[in-house]
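It should be emphasised that the depicted structure is a prediction, and the values quoted were computed from it without experimental measurement.
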Amino acid sequence: MTTLKNDRFLRALLREPVDTTPVWMMRQAGRYLPEYRETRGQAGDFLSLCKNAEFACEVTLQPLRRYELDAAILFSDILTVPDALGLGLYFETGEGPKFHKTVRTEQDVANLPKLNAKSDLAYVMNAVSTIRSALNGQVPLIGFSGSPWTLATYMVEGGSSKEFRFLKQMMYAQPEVLHALLNHLADSVIDYLNAQIDAGAQAIQIFDSWGGALAHREYVEFSMNYMTKIIAGLQREKDGRRIPIIVFTKGGGQWLETILTTGADAVGLDWTTPLYTARDVVAGRAALQGNLDPAVLYGSAASIEKAVKAMLDDAYANGEKTGYVANLGHGITQWVDPAQPKIFVDTVHEYSHKYLG
(Lines give C-alpha, C1' and ligand atoms only; values in the text may rest on other atoms or scores of the structure.)
Protein backbone atom coordinates (compact mmCIF):
# COMPACT_ATOMS: atom_id res chain seq x y z
CA MET A 1 0.00 0.00 0.00
CA THR A 2 1.51 3.34 -1.11
CA THR A 3 1.82 5.93 1.66
CA LEU A 4 -0.25 9.04 0.99
CA LYS A 5 2.14 11.99 0.95
CA ASN A 6 -0.56 14.69 1.13
CA ASP A 7 -3.73 13.71 3.00
CA ARG A 8 -5.00 17.13 4.10
CA PHE A 9 -8.01 16.83 1.76
CA LEU A 10 -9.14 13.61 3.46
CA ARG A 11 -8.35 15.01 6.91
CA ALA A 12 -10.41 18.16 6.30
CA LEU A 13 -13.39 16.11 5.08
CA LEU A 14 -13.24 14.15 8.35
CA ARG A 15 -12.81 17.36 10.37
CA GLU A 16 -9.31 16.41 11.51
CA PRO A 17 -6.51 18.99 11.95
CA VAL A 18 -4.87 20.34 8.78
CA ASP A 19 -1.81 22.52 8.20
CA THR A 20 -3.44 24.57 5.44
CA THR A 21 -6.79 24.59 3.65
CA PRO A 22 -6.95 21.88 0.98
CA VAL A 23 -8.18 22.88 -2.45
CA TRP A 24 -9.25 21.25 -5.70
CA MET A 25 -11.55 22.33 -8.54
CA MET A 26 -14.61 20.66 -9.95
CA ARG A 27 -13.94 19.82 -13.61
CA GLN A 28 -10.26 20.60 -13.04
CA ALA A 29 -9.31 18.42 -16.00
CA GLY A 30 -11.02 20.12 -18.91
CA ARG A 31 -11.10 22.25 -22.01
CA TYR A 32 -9.52 25.35 -20.43
CA LEU A 33 -6.19 23.49 -20.52
CA PRO A 34 -4.42 23.35 -23.92
CA GLU A 35 -2.82 20.02 -22.99
CA TYR A 36 -6.29 18.56 -22.35
CA ARG A 37 -7.46 19.71 -25.78
CA GLU A 38 -4.41 18.12 -27.35
CA THR A 39 -5.02 14.78 -25.59
CA ARG A 40 -8.70 14.83 -26.49
CA GLY A 41 -7.71 15.39 -30.10
CA GLN A 42 -5.47 12.33 -29.93
CA ALA A 43 -8.31 10.28 -28.46
CA GLY A 44 -10.67 11.32 -31.25
CA ASP A 45 -13.72 12.26 -29.18
CA PHE A 46 -14.88 12.67 -25.59
CA LEU A 47 -16.16 9.13 -25.04
CA SER A 48 -12.99 7.64 -26.48
CA LEU A 49 -11.04 9.80 -24.05
CA CYS A 50 -13.10 8.43 -21.13
CA LYS A 51 -12.83 4.82 -22.26
CA ASN A 52 -9.05 4.72 -22.72
CA ALA A 53 -7.37 4.30 -19.31
CA GLU A 54 -4.08 5.86 -20.41
CA PHE A 55 -5.76 8.94 -21.87
CA ALA A 56 -8.07 9.28 -18.84
CA CYS A 57 -5.06 9.03 -16.56
CA GLU A 58 -3.12 11.61 -18.55
CA VAL A 59 -5.86 14.25 -18.41
CA THR A 60 -6.49 13.55 -14.72
CA LEU A 61 -2.85 14.31 -13.94
CA GLN A 62 -2.53 17.39 -16.17
CA PRO A 63 -3.94 19.97 -13.70
CA LEU A 64 -1.76 18.53 -10.92
CA ARG A 65 1.31 19.37 -12.97
CA ARG A 66 0.26 23.02 -13.19
CA TYR A 67 -1.25 23.64 -9.75
CA GLU A 68 -0.57 22.58 -6.15
CA LEU A 69 -3.93 20.80 -5.86
CA ASP A 70 -4.69 18.60 -2.88
CA ALA A 71 -6.78 16.00 -4.71
CA ALA A 72 -7.19 14.42 -8.12
CA ILE A 73 -10.61 13.49 -9.48
CA LEU A 74 -11.25 10.62 -11.84
CA PHE A 75 -11.72 11.80 -15.40
CA SER A 76 -15.03 10.37 -16.54
CA ASP A 77 -18.63 11.47 -17.00
CA ILE A 78 -21.74 11.17 -14.83
CA LEU A 79 -23.62 9.60 -17.76
CA THR A 80 -21.54 6.43 -17.91
CA VAL A 81 -24.19 4.67 -15.78
CA PRO A 82 -27.19 5.28 -18.06
CA ASP A 83 -24.98 4.49 -21.05
CA ALA A 84 -24.13 1.12 -19.45
CA LEU A 85 -27.88 0.59 -18.91
CA GLY A 86 -28.29 0.54 -22.68
CA LEU A 87 -29.53 4.05 -23.49
CA GLY A 88 -26.78 4.82 -26.02
CA LEU A 89 -24.92 7.95 -24.94
CA TYR A 90 -23.58 10.23 -27.65
CA PHE A 91 -22.40 13.82 -27.98
CA GLU A 92 -23.22 16.35 -30.68
CA THR A 93 -20.96 19.37 -31.07
CA GLY A 94 -22.41 22.37 -29.26
CA GLU A 95 -25.46 20.47 -28.00
CA GLY A 96 -24.17 18.45 -25.05
CA PRO A 97 -24.96 14.82 -24.19
CA LYS A 98 -27.87 12.93 -25.74
CA PHE A 99 -29.29 9.40 -25.59
CA HIS A 100 -30.60 7.25 -28.41
CA LYS A 101 -33.25 5.84 -26.04
CA THR A 102 -35.32 7.51 -23.33
CA VAL A 103 -37.04 6.12 -20.21
CA ARG A 104 -40.59 7.48 -20.01
CA THR A 105 -42.90 4.57 -19.22
CA GLU A 106 -43.29 1.85 -16.62
CA GLN A 107 -42.19 -0.68 -19.25
CA ASP A 108 -39.10 1.37 -20.07
CA VAL A 109 -38.09 1.20 -16.42
CA ALA A 110 -38.82 -2.54 -16.24
CA ASN A 111 -36.63 -3.10 -19.31
CA LEU A 112 -33.53 -1.57 -17.70
CA PRO A 113 -30.90 -4.22 -16.99
CA LYS A 114 -29.24 -4.76 -13.64
CA LEU A 115 -25.86 -3.04 -13.64
CA ASN A 116 -22.68 -4.97 -12.91
CA ALA A 117 -20.25 -2.08 -12.70
CA LYS A 118 -17.06 -4.13 -12.61
CA SER A 119 -17.87 -5.69 -15.98
CA ASP A 120 -20.26 -3.20 -17.60
CA LEU A 121 -18.05 -0.24 -16.70
CA ALA A 122 -14.70 -2.00 -16.61
CA TYR A 123 -13.09 0.91 -18.49
CA VAL A 124 -13.89 3.22 -15.56
CA MET A 125 -12.34 0.81 -13.06
CA ASN A 126 -9.28 0.46 -15.30
CA ALA A 127 -8.97 4.24 -15.30
CA VAL A 128 -9.29 4.42 -11.49
CA SER A 129 -6.59 1.82 -10.90
CA THR A 130 -4.31 3.33 -13.55
CA ILE A 131 -4.66 6.84 -12.10
CA ARG A 132 -4.20 5.64 -8.52
CA SER A 133 -0.99 3.87 -9.52
CA ALA A 134 0.31 6.90 -11.45
CA LEU A 135 -0.41 9.24 -8.53
CA ASN A 136 1.91 7.11 -6.38
CA GLY A 137 0.51 8.63 -3.20
CA GLN A 138 0.94 12.27 -4.33
CA VAL A 139 -2.66 13.21 -3.43
CA PRO A 140 -5.92 11.28 -2.89
CA LEU A 141 -8.10 10.22 -5.80
CA ILE A 142 -11.79 11.18 -5.84
CA GLY A 143 -14.33 8.89 -7.48
CA PHE A 144 -17.80 10.11 -8.32
CA SER A 145 -21.26 9.54 -9.71
CA GLY A 146 -24.29 11.56 -10.59
CA SER A 147 -27.20 11.34 -8.16
CA PRO A 148 -30.20 9.23 -9.21
CA TRP A 149 -32.32 12.36 -9.72
CA THR A 150 -29.66 14.00 -11.89
CA LEU A 151 -29.14 10.84 -13.95
CA ALA A 152 -32.91 10.55 -14.38
CA THR A 153 -33.13 14.08 -15.80
CA TYR A 154 -30.99 13.01 -18.77
CA MET A 155 -32.54 9.56 -19.15
CA VAL A 156 -36.14 10.80 -19.23
CA GLU A 157 -35.52 13.99 -21.20
CA GLY A 158 -33.10 12.32 -23.62
CA GLY A 159 -30.40 14.89 -22.96
CA SER A 160 -29.86 18.24 -21.27
CA SER A 161 -32.91 20.23 -20.27
CA LYS A 162 -33.88 23.46 -18.55
CA GLU A 163 -37.60 22.81 -18.07
CA PHE A 164 -37.50 19.05 -17.27
CA ARG A 165 -40.91 18.75 -18.92
CA PHE A 166 -41.09 14.98 -19.26
CA LEU A 167 -39.42 14.19 -15.95
CA LYS A 168 -41.59 16.54 -13.91
CA GLN A 169 -44.67 15.28 -15.71
CA MET A 170 -43.67 11.78 -14.61
CA MET A 171 -42.97 13.01 -11.09
CA TYR A 172 -46.40 14.58 -10.60
CA ALA A 173 -48.55 12.31 -12.80
CA GLN A 174 -46.85 8.93 -12.27
CA PRO A 175 -44.65 9.21 -9.16
CA GLU A 176 -44.56 5.44 -8.73
CA VAL A 177 -42.82 5.09 -12.12
CA LEU A 178 -40.24 7.69 -11.20
CA HIS A 179 -39.62 6.05 -7.82
CA ALA A 180 -39.03 2.72 -9.59
CA LEU A 181 -36.49 4.41 -11.88
CA LEU A 182 -34.75 6.18 -9.01
CA ASN A 183 -34.55 2.98 -6.98
CA HIS A 184 -32.97 1.20 -9.93
CA LEU A 185 -30.49 4.03 -10.34
CA ALA A 186 -29.66 4.11 -6.63
CA ASP A 187 -28.84 0.39 -6.71
CA SER A 188 -26.74 0.96 -9.83
CA VAL A 189 -24.84 3.87 -8.28
CA ILE A 190 -24.12 1.88 -5.10
CA ASP A 191 -22.58 -0.88 -7.21
CA TYR A 192 -20.71 1.64 -9.36
CA LEU A 193 -19.20 3.61 -6.47
CA ASN A 194 -18.26 0.53 -4.49
CA ALA A 195 -16.47 -0.75 -7.59
CA GLN A 196 -14.58 2.56 -7.80
CA ILE A 197 -13.58 2.24 -4.15
CA ASP A 198 -12.38 -1.31 -4.75
CA ALA A 199 -10.35 -0.03 -7.72
CA GLY A 200 -8.68 2.69 -5.64
CA ALA A 201 -10.91 5.75 -5.14
CA GLN A 202 -10.16 7.29 -1.74
CA ALA A 203 -13.11 9.68 -1.50
CA ILE A 204 -16.45 9.89 -3.28
CA GLN A 205 -18.51 12.83 -4.51
CA ILE A 206 -22.17 12.51 -5.50
CA PHE A 207 -23.05 15.20 -8.03
CA ASP A 208 -26.67 16.20 -7.58
CA SER A 209 -26.32 18.76 -10.34
CA TRP A 210 -30.05 19.24 -10.91
CA GLY A 211 -31.39 18.77 -7.37
CA GLY A 212 -31.90 22.53 -7.13
CA ALA A 213 -34.58 22.32 -9.83
CA LEU A 214 -36.93 20.65 -7.33
CA ALA A 215 -39.39 22.16 -4.86
CA HIS A 216 -38.43 21.61 -1.24
CA ARG A 217 -40.67 18.61 -0.45
CA GLU A 218 -39.91 17.01 -3.81
CA TYR A 219 -36.19 17.47 -3.19
CA VAL A 220 -36.41 15.25 -0.13
CA GLU A 221 -38.67 12.66 -1.76
CA PHE A 222 -37.07 12.38 -5.20
CA SER A 223 -33.43 13.33 -4.68
CA MET A 224 -32.17 13.37 -1.12
CA ASN A 225 -33.79 10.10 -0.04
CA TYR A 226 -32.01 8.23 -2.84
CA MET A 227 -28.64 9.77 -1.98
CA THR A 228 -29.25 8.65 1.59
CA LYS A 229 -29.86 5.12 0.31
CA ILE A 230 -26.62 5.25 -1.69
CA ILE A 231 -24.52 6.45 1.23
CA ALA A 232 -25.94 3.70 3.45
CA GLY A 233 -24.87 1.14 0.84
CA LEU A 234 -21.29 2.29 0.32
CA GLN A 235 -18.09 0.78 1.62
CA ARG A 236 -16.83 3.34 4.11
CA GLU A 237 -13.34 2.05 4.85
CA LYS A 238 -10.48 0.72 2.73
CA ASP A 239 -6.85 0.00 3.60
CA GLY A 240 -7.44 1.19 7.14
CA ARG A 241 -8.78 4.64 6.15
CA ARG A 242 -12.29 6.00 6.08
CA ILE A 243 -13.71 6.80 2.64
CA PRO A 244 -15.28 10.28 2.97
CA ILE A 245 -18.49 10.97 1.03
CA ILE A 246 -19.34 14.44 -0.32
CA VAL A 247 -22.85 15.39 -1.45
CA PHE A 248 -23.06 18.36 -3.81
CA THR A 249 -26.53 19.65 -4.66
CA LYS A 250 -26.22 22.68 -6.94
CA GLY A 251 -28.78 25.20 -5.75
CA GLY A 252 -29.26 23.27 -2.51
CA GLY A 253 -27.82 25.58 0.12
CA GLN A 254 -31.25 26.13 1.67
CA TRP A 255 -31.47 22.40 2.46
CA LEU A 256 -28.28 22.09 4.50
CA GLU A 257 -30.02 20.86 7.63
CA THR A 258 -31.84 18.24 5.59
CA ILE A 259 -28.76 17.14 3.64
CA LEU A 260 -26.97 16.41 6.91
CA THR A 261 -29.36 13.50 7.45
CA THR A 262 -27.94 11.68 4.40
CA GLY A 263 -24.92 10.53 6.39
CA ALA A 264 -22.47 12.38 4.13
CA ASP A 265 -19.15 13.45 5.65
CA ALA A 266 -19.17 16.72 3.70
CA VAL A 267 -21.57 19.00 1.86
CA GLY A 268 -20.58 20.88 -1.28
CA LEU A 269 -21.87 24.42 -1.77
CA ASP A 270 -22.43 26.52 -4.85
CA TRP A 271 -21.74 30.27 -4.69
CA THR A 272 -25.22 31.34 -3.54
CA THR A 273 -24.89 30.36 0.12
CA PRO A 274 -22.61 32.37 2.46
CA LEU A 275 -20.02 30.07 4.00
CA TYR A 276 -20.38 31.65 7.44
CA THR A 277 -24.10 30.86 7.35
CA ALA A 278 -23.45 27.30 6.23
CA ARG A 279 -20.84 26.80 8.97
CA ASP A 280 -23.31 27.98 11.59
CA VAL A 281 -26.08 25.70 10.30
CA VAL A 282 -23.85 22.64 10.00
CA ALA A 283 -22.25 23.36 13.40
CA GLY A 284 -19.43 20.83 13.08
CA ARG A 285 -21.66 17.92 12.07
CA ALA A 286 -20.09 17.68 8.61
CA ALA A 287 -17.35 19.34 6.60
CA LEU A 288 -18.11 21.91 3.91
CA GLN A 289 -16.68 22.32 0.42
CA GLY A 290 -16.86 25.26 -1.96
CA ASN A 291 -18.01 27.89 -2.88
CA LEU A 292 -16.17 30.35 -5.15
CA ASP A 293 -18.13 31.50 -8.19
CA PRO A 294 -16.23 29.97 -11.16
CA ALA A 295 -16.64 33.28 -13.00
CA VAL A 296 -14.28 34.89 -10.47
CA LEU A 297 -11.50 33.23 -12.49
CA TYR A 298 -12.26 35.58 -15.38
CA GLY A 299 -11.02 38.46 -13.22
CA SER A 300 -7.64 40.01 -12.54
CA ALA A 301 -5.10 38.54 -10.14
CA ALA A 302 -6.08 41.15 -7.56
CA SER A 303 -9.80 40.44 -7.86
CA ILE A 304 -9.25 36.67 -7.60
CA GLU A 305 -7.12 37.11 -4.48
CA LYS A 306 -9.74 39.39 -2.94
CA ALA A 307 -12.58 36.93 -3.59
CA VAL A 308 -10.60 33.95 -2.29
CA LYS A 309 -9.61 35.78 0.90
CA ALA A 310 -13.22 36.80 1.50
CA MET A 311 -14.31 33.17 1.03
CA LEU A 312 -11.73 31.98 3.56
CA ASP A 313 -12.70 34.72 6.01
CA ASP A 314 -16.27 33.41 5.81
CA ALA A 315 -15.14 29.79 6.14
CA TYR A 316 -13.28 30.43 9.38
CA ALA A 317 -15.48 33.21 10.83
CA ASN A 318 -16.87 30.97 13.58
CA GLY A 319 -13.44 29.91 14.79
CA GLU A 320 -13.38 26.37 13.38
CA LYS A 321 -9.88 25.23 12.38
CA THR A 322 -10.76 22.42 9.97
CA GLY A 323 -13.75 20.83 8.23
CA TYR A 324 -13.41 22.99 5.13
CA VAL A 325 -12.18 22.27 1.58
CA ALA A 326 -11.81 25.18 -0.83
CA ASN A 327 -13.36 24.65 -4.24
CA LEU A 328 -15.39 26.37 -6.91
CA GLY A 329 -19.16 26.47 -6.56
CA HIS A 330 -19.46 24.53 -9.82
CA GLY A 331 -17.14 23.31 -12.57
CA ILE A 332 -14.41 25.51 -14.02
CA THR A 333 -15.42 26.76 -17.47
CA GLN A 334 -13.61 26.25 -20.76
CA TRP A 335 -12.98 30.01 -21.19
CA VAL A 336 -10.75 30.45 -18.13
CA ASP A 337 -7.13 31.49 -18.72
CA PRO A 338 -5.02 28.58 -17.36
CA ALA A 339 -2.91 31.09 -15.40
CA GLN A 340 -5.84 32.16 -13.23
CA PRO A 341 -6.52 28.93 -11.27
CA LYS A 342 -2.95 29.08 -9.92
CA ILE A 343 -3.82 32.38 -8.25
CA PHE A 344 -6.87 30.74 -6.66
CA VAL A 345 -4.99 27.66 -5.44
CA ASP A 346 -1.93 29.51 -4.16
CA THR A 347 -4.01 32.15 -2.37
CA VAL A 348 -5.98 29.43 -0.57
CA HIS A 349 -2.80 27.79 0.70
CA GLU A 350 -1.04 31.02 1.64
CA TYR A 351 -3.91 32.98 3.19
CA SER A 352 -5.39 30.12 5.19
CA HIS A 353 -2.28 30.09 7.39
CA LYS A 354 -3.81 33.20 8.96
CA TYR A 355 -6.40 30.86 10.50
CA LEU A 356 -4.59 27.53 10.69
CA GLY A 357 -0.96 28.50 11.27
Side-chain angles (χ1 to χ4, degrees), residues 3-26 28 63-64 66-73 135 137-142 202-205 240-248 253 256 259-260 264-271 273-294 296-297 299 301-329 332 340-357:
T3 301
L4 193 55
K5 302 176 183 73
N6 173 358
D7 68 350
R8 65 172 68 104
F9 167 71
L10 300 179
R11 293 177 64 82
L13 291 179
L14 299 176
R15 305 189 304 286
E16 297 172 355
V18 290
D19 58 335
T20 190
T21 300
V23 56
W24 67 283
M25 298 179 292
M26 286 187 277
Q28 63 191 23
L64 275 72
R66 280 183 177 260
Y67 317 118
E68 294 294 322
L69 296 159
D70 295 296
I73 183 165
L135 283 169
Q138 177 184 349
V139 293
L141 175 61
I142 306 167
Q202 293 156 289
I204 293 295
Q205 177 153 315
R241 297 195 72 136
R242 184 168 172 84
I243 307 292
I245 310 298
I246 309 162
V247 165
F248 172 64
L256 278 173
I259 293 171
L260 290 176
D265 297 286
V267 182
L269 299 171
D270 65 17
W271 57 90
T273 302
L275 267 170
Y276 59 82
T277 301
R279 286 281 235 183
D280 287 344
V281 170
V282 170
R285 290 172 288 172
L288 290 173
Q289 178 178 273
N291 64 339
L292 193 73
D293 181 354
V296 166
L297 298 182
S303 66
I304 293 170
E305 287 181 11
K306 180 180 178 181
V308 172
K309 289 176 179 179
M311 179 177 74
L312 291 168
D313 288 340
D314 286 351
Y316 295 109
N318 68 351
E320 291 187 69
K321 296 289 188 182
T322 187
Y324 174 64
V325 173
N327 204 322
L328 305 177
I332 189 171
Q340 306 303 70
K342 187 176 191 305
I343 301 164
F344 165 48
V345 172
D346 291 350
T347 303
V348 168
H349 285 153
E350 293 161 10
Y351 187 73
S352 61
H353 286 296
K354 171 180 177 179
Y355 295 100
L356 304 178

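A distance-only check finds a donor-acceptor pair linking the side chain of R285 to the backbone of V282 [under 3.5 Å]. In terms of modelled atom types and a separation under 3.5 Å, the side chain of Y351 and the main chain of D313 share no donor-acceptor contact. At least one donor-acceptor pair closer than 3.5 Å links the side chain of R15 to the backbone N or O of G284. The closest donor-acceptor contact from the side chain of R11 to the backbone of V18 lies at 3.5 Å or more, if one exists at all. Of the possible donor and acceptor atoms, one in the side chain of N291 sits under 3.5 Å from a partner among the backbone N and O of D270. At distances below 3.5 Å, not a single donor-acceptor pair connects side-chain atoms of E68 with backbone N or O atoms of V345.
Using a 4.5 Å cut-off on side-chain heavy atoms (C-beta onward), L356 and T21 make contact. No side-chain heavy atom of R66 sits under 4.5 Å from any side-chain heavy atom of K342. Proximity of L64 to L135: side-chain heavy atoms (C-beta onward) are separated by under 4.5 Å at one or more points. Annotation: side chain of F9 is in contact with side chain of I142 (closest heavy-atom distance under 4.5 Å). Residues V267 and Q289 have side chains not in contact (no heavy-atom distance under 4.5 Å, counting atoms from C-beta outward). The shortest distance between side-chain heavy atoms of V325 and W24 falls below 4.5 Å. Contact check for I243 versus I204: side-chain heavy atoms found under the 4.5 Å cut-off. Put simply, the side chain of K309 does not reach to within 4.5 Å of the side chain of K354, judged on heavy atoms.
The CG atom of L13 sits 9.0 Å away from the CD atom of Q205 when rounded to the nearest 0.5 Å. Distance check, rounded to the nearest 0.5 Å: CG of L256 to CZ of R279 gives 12.0 Å. Y67 OH to H349 NE2: the interatomic distance, rounded to the nearest 0.5 Å, is 14.0 Å. In this structure, the separation between CD1 on I332 and CD on Q28 is 9.0 Å, given to the nearest 0.5 Å.
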*asked:* Before you tell me yes or no, could you show the steps for D70 and N6 under side-chain contact (heavy atoms from CB on, under 4.5 Å), namely the whole-Å CA-CA distance, both residues' side-chain angles and the distance that decides it to 0.1 Å?
replied: CA-CA 7 Å; D70 295 296; N6 173 358; 2.8 Å; yes
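Partner L292 forms a side-chain contact (heavy atoms from CB on, under 4.5 Å) with one of L275, V23, V348, L328 and no other, that one being L328.
Among all heavy-atom pairs drawn from P294 and G329, the shortest one is CD-N, 4.2 Å. When all heavy atoms of Y324 and L312 are compared, the pair lying nearest together is CE2-CD2, 3.8 Å.
Between Y355 and Y316, the two ring planes are parallel [angle under 30°; tilted spans 30° to 60°].
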